[in-house]
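Reviewing the structure listed below.
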Protein chains: 4
Amino acid sequence: MSDLQHKALAVSDSNHLPTIGQLPSGPRNAISDVAGVTVGHCTLAEGPVQTGVTVVKPHSGNLFLDRVPAAAAVLNGFGKSIGLVQIEELGLLETPIALTNTFSVAAVAQAQIRQCVAANPETGRSLPTVNPLVFECNDGFLNDIQRMAITEQHYFAACDAAQVNVAQGAIGAGRGMSCFGLKGGIGTASRCCDGYTVGALVLANYGQLHQLILAGEALGPLLAERLAQINEPEKGSIILLLATDAPLDARQLRRLALRAGVGLARTGSVFGHGSGDIALAFSTAYTVPQEAQQAMPAGAMLHDARLDPLFQAAADSTEQAIIHALWHASSVIGRDGHQRHALADLLPEQTVPSLHHVNHENSDLH
Amino acid sequence: MSDLQHKALAVSDSNHLPTIGQLPSGPRNAISDVAGVTVGHCTLAEGPVQTGVTVVKPHSGNLFLDRVPAAAAVLNGFGKSIGLVQIEELGLLETPIALTNTFSVAAVAQAQIRQCVAANPETGRSLPTVNPLVFECNDGFLNDIQRMAITEQHYFAACDAAQVNVAQGAIGAGRGMSCFGLKGGIGTASRCCDGYTVGALVLANYGQLHQLILAGEALGPLLAERLAQINEPEKGSIILLLATDAPLDARQLRRLALRAGVGLARTGSVFGHGSGDIALAFSTAYTVPQEAQQAMPAGAMLHDARLDPLFQAAADSTEQAIIHALWHASSVIGRDGHQRHALADLLPEQTVPSLHHVNHENSDLH
Amino acid sequence: MSDLQHKALAVSDSNHLPTIGQLPSGPRNAISDVAGVTVGHCTLAEGPVQTGVTVVKPHSGNLFLDRVPAAAAVLNGFGKSIGLVQIEELGLLETPIALTNTFSVAAVAQAQIRQCVAANPETGRSLPTVNPLVFECNDGFLNDIQRMAITEQHYFAACDAAQVNVAQGAIGAGRGMSCFGLKGGIGTASRCCDGYTVGALVLANYGQLHQLILAGEALGPLLAERLAQINEPEKGSIILLLATDAPLDARQLRRLALRAGVGLARTGSVFGHGSGDIALAFSTAYTVPQEAQQAMPAGAMLHDARLDPLFQAAADSTEQAIIHALWHASSVIGRDGHQRHALADLLPEQTVPSLHHVNHENSDLH
Amino acid sequence: MSDLQHKALAVSDSNHLPTIGQLPSGPRNAISDVAGVTVGHCTLAEGPVQTGVTVVKPHSGNLFLDRVPAAAAVLNGFGKSIGLVQIEELGLLETPIALTNTFSVAAVAQAQIRQCVAANPETGRSLPTVNPLVFECNDGFLNDIQRMAITEQHYFAACDAAQVNVAQGAIGAGRGMSCFGLKGGIGTASRCCDGYTVGALVLANYGQLHQLILAGEALGPLLAERLAQINEPEKGSIILLLATDAPLDARQLRRLALRAGVGLARTGSVFGHGSGDIALAFSTAYTVPQEAQQAMPAGAMLHDARLDPLFQAAADSTEQAIIHALWHASSVIGRDGHQRHALADLLPEQTVPSLHHVNHENSDLH
């Protein structure tokens, strides 16, 4: 038995998903462990259309009137997101965060504008215009992206479906995504420290198989050997969302967002040239009113010297969320017969039961 | 006669538009003085719909395959543009530059994707996805922005209309724009130095009237007195485009783009909080192939120590373009009877003939 | 009489310094109108040594323990400052702000470290290391910069001399500076709005004479004609400091700092290639403790939609401070007989009495 | 035997240093595998003074006249480096890169200025001023940093000692550095791909022991148990230098520099709050003349789509260099009896011979 095979067994032998780091997760091990945060999916899975929309809501109120502090870190800017210019300037979210495929950013942004106008009829008149926030990855291997199958209704459906139980894998915006040449998609996790929670949600669509490092094990070369037929250049991306209930301002949230990149790096990514790797962190600790005559929040921010545990939580929950995305994604066949295999199908046979076991134990994730 | 009235007269006495700086303009005094650059408009002007699309094409070829070096400088990020994340990373344009109203960014971005797919069927498949580039200002005072009247066809129409003769004022994306509480819109100008040309095109929709400085004269307070009825908070924006034929890389173009802010500042703008003030500069001196197997350009860049004349040209042509936008914009009545007056209507009576004279003299601008 | 001569007269006729904008200045028209802020100079003026140190203290306490929110905007990064990396990350000042010549940054930074260690013996041990903050311009035309004449003692002397009365012109770090080919140096001003004060202090050492715009008048070409003998490429810089008592966080202070560039642009600068044009803004509204066990400040920040008056104040006070620097600078002869003329010497004769008059009226500035 | 002990054995069993990734290293497995690059150390090791200077020279010529393209990525800006403002603006190195302790940046910067003036007497006169480039970490645990023991002579000595054979561990600027609570210091490595070489050199002074991940193995908790006496908050930093002979411009080098952070993240770092984690990459493929009348380089840059192998090389060589720094650092006792143990002393006994063996085999590294 080769060294690499031994490592793969070591991973699968454990009868459970690898657990990253030493911090405890929250009760759901999901971004929704940050109180108030919900996630909704809308999935399209018919023949060559394998795509969808995922929405993360920082709170259930009117986000345009009660804005949430936020900041982004662009790890690699080969991406077509909309909304980051204003977030960089003002440090505030004012819509749900939407994830979808690259060619559907416009449809979803349009839907966000309509949603805001419907809730706030003076948007763009006596009130400012709204800043849509849509992230994307290219699911064009499995999904016929040129069809632009996503419509505004799919965004509204994802919003309506938002809940604290977060389904993972080949679902929502993750439906058509690939990761390390395997089936990728949506993953989530959380870590707790110092009385605060950091939750991560990823849309994982990056990496070449030979690069994969799973919980420290460089499994990529072994798995690449098993999947010898596939060897394409990377055209992926990953969106990394972090939520926390710690009272942080936009400058501090930018620092936190960058640490999602630490978790990403540990999985074998080198932030590939063609990958739009963008992290965004927000805090639910307070809101900032849209209207200047409203009172501004007056709570104390966390001292920067207390950020290290949150940085650890951000890195660990991100790595964990990526593992969850790979672990929970089932094999999908899409356009032109293109197929992505599930990680579970490639690990040695004895892994399958343990995987089922895990799914059973973590049934609240679904 | 008050001091301010004296100043207004000084401006109007001159029998011609104020000319900024000492560098000569190109033959058209327009961004199209940079060889290969063309501009197209599509204008919607019916009752409450006063809006449009303007397109700037860096060259007439396939921009997705032969990309143009570019860089942006965000002076104030209260804006909803799409495309800047990738331009920051790669320093390349790969579509025409589109300008429109805030709520129509999505429609135009969608049109750019379709346009690219039509020209390059492998977009998002064997070729990368395309990066739409759409800038916007909020024309909601004159235009019923919530109707989202712009469709993909309007973008295609603007592209088809692209030519070297650049119409200015209340046209294209400038149709519904306001500037210093007056009628704003599209303006263009150029300056020549050291054998190179710098061309500017602005979509001017910013400022409060009392701030206006016209060619160094602080005319704002005088004009504000005449227009006593209007006194609203700023909700504007300005998009500042610079083209040059000098061989500059993306780092240098970012430096150039920032100098558009110098021209803007001289007109009285303080880069207001609610204004999306974004500058973008591109060079036509060379292109970068989309496909890695094509040869990369190998010409020498300009030494940075030779940039000062170009910086001066960028500042002067930008200020001149803003003056042109104000000068050429005619009065417009839009939604709910909202009206913006033309600058020409507010200057002392004797200005009007001179203004006509100017229009006559500069007929090649139309 | 030529048009340009007429303009020069218009400036000098007014019997007082040009006043920028419509906002009122504070009682001293100086950065020290922001309560708690003091400024100290140490000047070296002997033959070929024409240089110095200027210090701005945000408050009179222990800045290392009680840090001040701050942010910088680099308009043109041809500069050798020390300290900006950490300010970008943490948004905090922890030393006085020091200004000096380019080759003396190291000596002054060393002095700041010693000063901090003396006041806080655990610096770099149980306490973090201190972040020196030193800005510079190149005064090498008048000053023999290669002598590195500044020592740590000069920094301490400037600190000891700090007071609310701010001397301007060819003093402190401004001693050897040139501006538009004339004598430059230190200038300060302030503007009040909405109950807050914004104060500016500049170290002005930039520009070519033909570029000079004085209070909107493009006087440069006229003055350049009078000083025909001088025509050198720009090797200058300007440091632009803004203080305010408005409660702003680092993100907002970065926005404010950028508006110093608006004031600079209005004077004719195009942020020249070889010029290190750096703005820094700080707030005195609260402090942030060095030690994490201390309580964090809990006051509300200003709503961003209330920033426009402060932006106007930043732009206007900066332009005014630059005019003050030119106005108050007396002619200096330095190394190798190099001379810089005072602006006052070049304006038409009748300006001189008015200038004296101004100096008399504003004697509290000295 | 616990799981963690098993992992430690797995590392030590291999009878050689862990090797990161699948790309081959260059002949020296050092930054000097990039042709022309040399490294020099000057070490101070007497009682409470345990510090030094390390210099990396991109080429052996006059760096001020023939400048090298370069760019930095600030992973965490709790640092006091000098020189990055100008590198961000111009994308060029014009001195050797110097590494030292936090309180000695000023002394070394001063030495760089003198060195440049000596070689180019018109520096700061007819030639521009020179931009010193000095990075630092805080070695205050072992070294009495408040003594400021480094003088200009130590910088000159390090320059004089520059050679292609790079000594590693507790040497030069690395003498007093700590890493993961162990002895850190200087490490170097290289990787080759597509005909190019990427070399890394680190000054490693970061991390808490429980975080340590060695070649994928989370050894930190095991080693932390063995070193129970030490548990302090992080006050570290790491400087990450990358050299390459690939023809890249400053924009591309910034992309490369960020990938040093990938290697750093894999070792367990979360870019801690108090850590100045700064990466800088430079290319030796061409130089840019200081004087504008000299010819500019005219070679083609690498297409961005060809960067992925270089990104992998940057990540892998950085991780390898950090492992080298830990592996080669011997135990040091410094001020007040403070001691840092070598990693080798903490790994299970059977590791020691293998370590010796490794040192023997790799003797060209010393």
Side-chain angles (χ1 to χ4, degrees), chain A residues 64-73 85-94 122 126-129 131 194 246-259 281 283 285-311, chain C residues 64-73 85-94 122 126-129 131 194 246-259 281 283 285-311:
Chain A
F64 186 63
L65 296 185
D66 297 310
R67 299 172 297 174
V68 173
V85 172
Q86 187 162 320
I87 285 178
E88 170 77 10
E89 185 76 32
L90 300 185
L92 294 171
L93 279 184
E94 54 188 34
E122 284 299 302
S126 63
L127 288 170
T129 53
N131 184 47
D194 288 0
L248 304 180
D249 66 16
R251 179 187 55 76
Q252 295 174 311
L253 288 165
R254 192 194 57 76
R255 303 186 77 190
L256 193 70
L258 185 64
R259 275 63 187 186
S283 167
Y286 61 98
T287 60
V288 175
Q290 180 72 247
E291 298 180 90
Q293 65 271 27
Q294 304 279 336
M296 287 287 286
M301 297 296 131
L302 203 64
H303 194 289
D304 277 79
R306 294 196 190 285
L307 288 175
D308 275 343
L310 295 172
F311 288 174
Chain C
F64 186 63
L65 297 185
D66 297 310
R67 298 172 298 174
V68 172
V85 172
Q86 186 161 319
I87 284 177
E88 170 78 10
E89 185 76 33
L90 300 185
L92 294 171
L93 279 183
E94 54 188 34
E122 283 300 301
S126 63
L127 288 169
T129 52
N131 185 46
D194 288 0
L248 305 180
D249 66 16
R251 179 187 55 76
Q252 294 174 311
L253 288 165
R254 192 194 58 75
R255 303 185 78 190
L256 193 70
L258 185 63
R259 275 64 187 186
S283 167
Y286 62 97
T287 60
V288 175
Q290 180 72 248
E291 298 180 89
Q293 64 271 26
Q294 303 280 336
M296 287 288 285
M301 296 297 130
L302 204 64
H303 194 288
D304 278 78
R306 295 196 190 285
L307 288 175
D308 275 344
L310 296 172
F311 288 174

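Residue numbers start from 1 in every chain, and the chains themselves are labelled A, B, ... in the order their sequence lines are given, proteins ahead of strands.
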- Query: Taking C-beta and beyond as the side chain, do C/Arg306 and A/Met296 meet within less than 4.5 Å on heavy atoms?
  - Reply: no
- Residue from C/Ala295, C/Pro297, C/Ala305 scoring the most non-hydrogen pairs under 4.5 Å with chain A is C/Pro297
- Message: With a 4.5 angstrom heavy-atom cut-off, is it the side chain or the backbone of C/Gln252 that approaches chain A, or both, or neither?
- Response: neither
- Part of A/Leu90 lying under 4.5 Å from any heavy atom of chain C: both
- Query: Judged by atom type as modelled, is there a donor-acceptor pair below 3.5 Å linking the side chain of C/Arg251 to the main-chain atoms of A/Arg251?
  - Reply: no
- Note on the structure: Heaviest contributor of heavy-atom pairs below 4.5 Å to chain C, chosen from A/Gly91, A/Pro128, A/Ala292, is A/Ala292
- Heavy-atom distances under 4.5 Å only: say whether A/Pro289 touches chain C with side chain, backbone, both or neither. both
- Message: Counting heavy-atom pairs closer than 4.5 Å to chain C, which one of A/Gly299, A/Pro247, A/Ala300, A/Ala250 comes out on top?
- Response: A/Ala300
